Amino acid sequence: MMFLLYSSSSATLKFSVLALLFYGGCKVTVAKNAMFPALIVFGDSIADSGNNNYLSTIVKCDFPPYGRDFQKGKPTGRFCNGKVPSDFSAEFYGIKELLPPYLDPNLQLQDLLTGVTFASGGAGYDPLTANVVSVLSLSDQLELFKKYKEKIKSALGDEQTVTFLSKALFFICCGSDDIANTYFSTPLRSAHYDIDSYTDLAVNCASQFFQELYGLGARRVLVGGLPPIGCVPSQRTLGGGLTRGCANKSNYAAFLYNSKLSAQMDSLKNSLPGFRIVYADVYKPLLSIIQNAKQYGFEEVNKGCCGTGNIEVSILCNHLSDGQTCTDVSKFVFWDSYHPSEKAYKILTTMILNQHTKELL
């Protein structure tokens, strides 16, 4: 049996454990002195901490030099040299230091009670995006969440599970691969949609996902918008011309998508009782870091640390790239040609959470 005391003020929401949950003969505690009892994450490679390790896909990073600056230099399936936003978010709210992938077969009940990530590198709101590279679509991630929910129910019971999910923080980071990969890198959608109609499709898919998540019990949801995709190194290489400037078409698509997503989220917030769904602008903060790199302690913004930094990502960023990989990643905004470095992620995540936490309480 477990007894939880929920106390709140206008600025904070603390969870205090008054007793221990006895489950299967084991003592299990729920997040102590945390703002939220758990962090539950959906999305793509920005928040994947290793789910793709357990999939038959080429979108992987469970090999060096990935994880070079992680604990003991271990590649874990995080698309970074170190921690990713899902980790920094869990740490920011005092839940735990690292957010594990749900597909990790070694997870214990305690891990589930404080949250996991269902995110899968290469996924998008458009279901075609995940299908093309054989990763977990958002529908797949929701199905896994349903299984997760049943495990929580077996431990807490129906009533406490409803309360638990209503107080947990849900974080969604998705959509970049829809624009960068599915639309601009293949003819699968661009042959049938202009960018205006395609962003409509993606946002409609996002809206359906949010509503399904609400129906499963989520009440506090933070949704990251798209970054300035055209300014990541790979998109500079592919669409930035000889000077490798920011790819304007990709940035316009991200800007258009963000405006539609924000408006759709406002509509859902007004129509679904008790739904605290908050749009987090990622575009402006990351662009600020890129344009004002020295203010944030960076020197290199238009290429990644791994290899040449122009195109290497996932399986292209490997031990064969070591000879060209940078020695001091702290100077780089990007780790590979698509993903920010641990340092950049920490700065960006902290900026966003400081700005939006009060809206979620």
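Numbers here are sequence positions counted from 1. This structure is a prediction, so every number in the text was calculated from the model and none was measured.
With sequence neighbours left out, F171 forms a ring pair (Phe, Tyr, Trp, His ring centres under 6.0 Å) with no residue at all. Taking the ring pair (Phe, Tyr, Trp, His ring centres under 6.0 Å) definition, one finds that Y283 meets it with nothing, sequence neighbours left out. Among residues two or more places apart in sequence or in another chain, the salt bridge (Lys or Arg N to Asp or Glu O under 4.0 Å) test is passed with E97 by K83. Scored by the salt bridge (Lys or Arg N to Asp or Glu O under 4.0 Å) test, D177 finds no partners at all (sequence neighbours excluded). Here S337 pairs with nothing under the side-chain hydrogen bond (donor to acceptor under 3.5 Å, both in side chains) rule; sequence neighbours left out.
Here disulfide (SG to SG under 2.5 Å) pairs that include residues 213-281, with residues two or more places apart or in two chains, are C231-C246. Among residue pairs with one or both ends in residues 182-204, those qualifying as ring pair (Phe, Tyr, Trp, His ring centres under 6.0 Å) are Y183-Y198; sequence neighbours excluded. For the ring pair (Phe, Tyr, Trp, His ring centres under 6.0 Å) condition, no pair includes a residue of residues 232-257, sequence neighbours left out. Among pairs with a residue in residues 183-196, those fulfilling salt bridge (charged side-chain N to carboxylate O under 4.0 Å, His left out) read D126-R189, D196-K260, at least two apart in sequence or across chains. Listed by first then second residue, pairs satisfying salt bridge (charged side-chain N to carboxylate O under 4.0 Å, His left out) with a partner in residues 341-357 number zero, not counting sequence neighbours. Here salt bridge (charged side-chain N to carboxylate O under 4.0 Å, His left out) pairs that include residues 53-69, with residues two or more places apart or in two chains, number zero. Contacts classified as salt bridge (charged side-chain N to carboxylate O under 4.0 Å, His left out) and involving residues 138-150 (residues at least two apart or in different chains) are given here: E143-K146, E150-K153.
Although no hydrogens or angles enter the test, the distance criterion places no donor-acceptor pair under 3.5 Å between the side chain of T350 and the main chain of I347. At distances below 3.5 Å, not a single donor-acceptor pair connects side-chain atoms of Y214 with backbone N or O atoms of F209. Side-chain atoms of E91 never come within 3.5 Å of backbone atoms of D87 as a donor-acceptor pair (strictly under, hydrogens ignored). Here the side chain of R244 pairs a donor or acceptor atom with the backbone of N302 at under 3.5 angstrom. The main-chain N or O of P233 is found under 3.5 Å from a side-chain atom of T237 such that the two form a donor-acceptor pair.
With no hydrogens or angles considered, no side-chain donor-acceptor pair links T57 and N52 at under 3.5 Å. With hydrogens and angles left out, the side-chain atoms of S86 and T117 include no donor and acceptor closer than 3.5 Å. For the residue pair Q141 / S137, no side-chain donor-acceptor distance below 3.5 Å is found, with atom types taken as modelled. Neither side chain, N81 nor S341, offers a donor N or O lying under 3.5 Å from an acceptor on the other. Between the side chains of Y296 and S288, a donor-acceptor pair is found at a separation under 3.5 Å.
The closest side-chain heavy-atom distance from N318 to P64 is not below 4.5 Å. Side-chain contact between L226 and I179: present, with at least one pair of heavy atoms (C-beta onward) separated by less than 4.5 Å. V84 is not listed as a side-chain neighbour of T349, based on a closest heavy-atom distance of 4.5 Å or more. In this structure, the side chains of L103 and L55 come closer than 4.5 Å at one or more pairs of heavy atoms.
Put simply, CD1 on I40 and OH on Y148 are 4.0 Å apart, with the number rounded to the nearest 0.5 Å.
Relative ring orientation between F118 and F42 is described as parallel, the plane-to-plane angle staying below 30° on a 0-90° scale split at 30° and 60°.
Screening N181, V133, V313 for a side-chain contact (heavy atoms from CB on, under 4.5 Å) involving V59 leaves a single residue, V133.
Of all heavy-atom pairs between N51 and A119, the closest is ND2-O, 2.8 Å.
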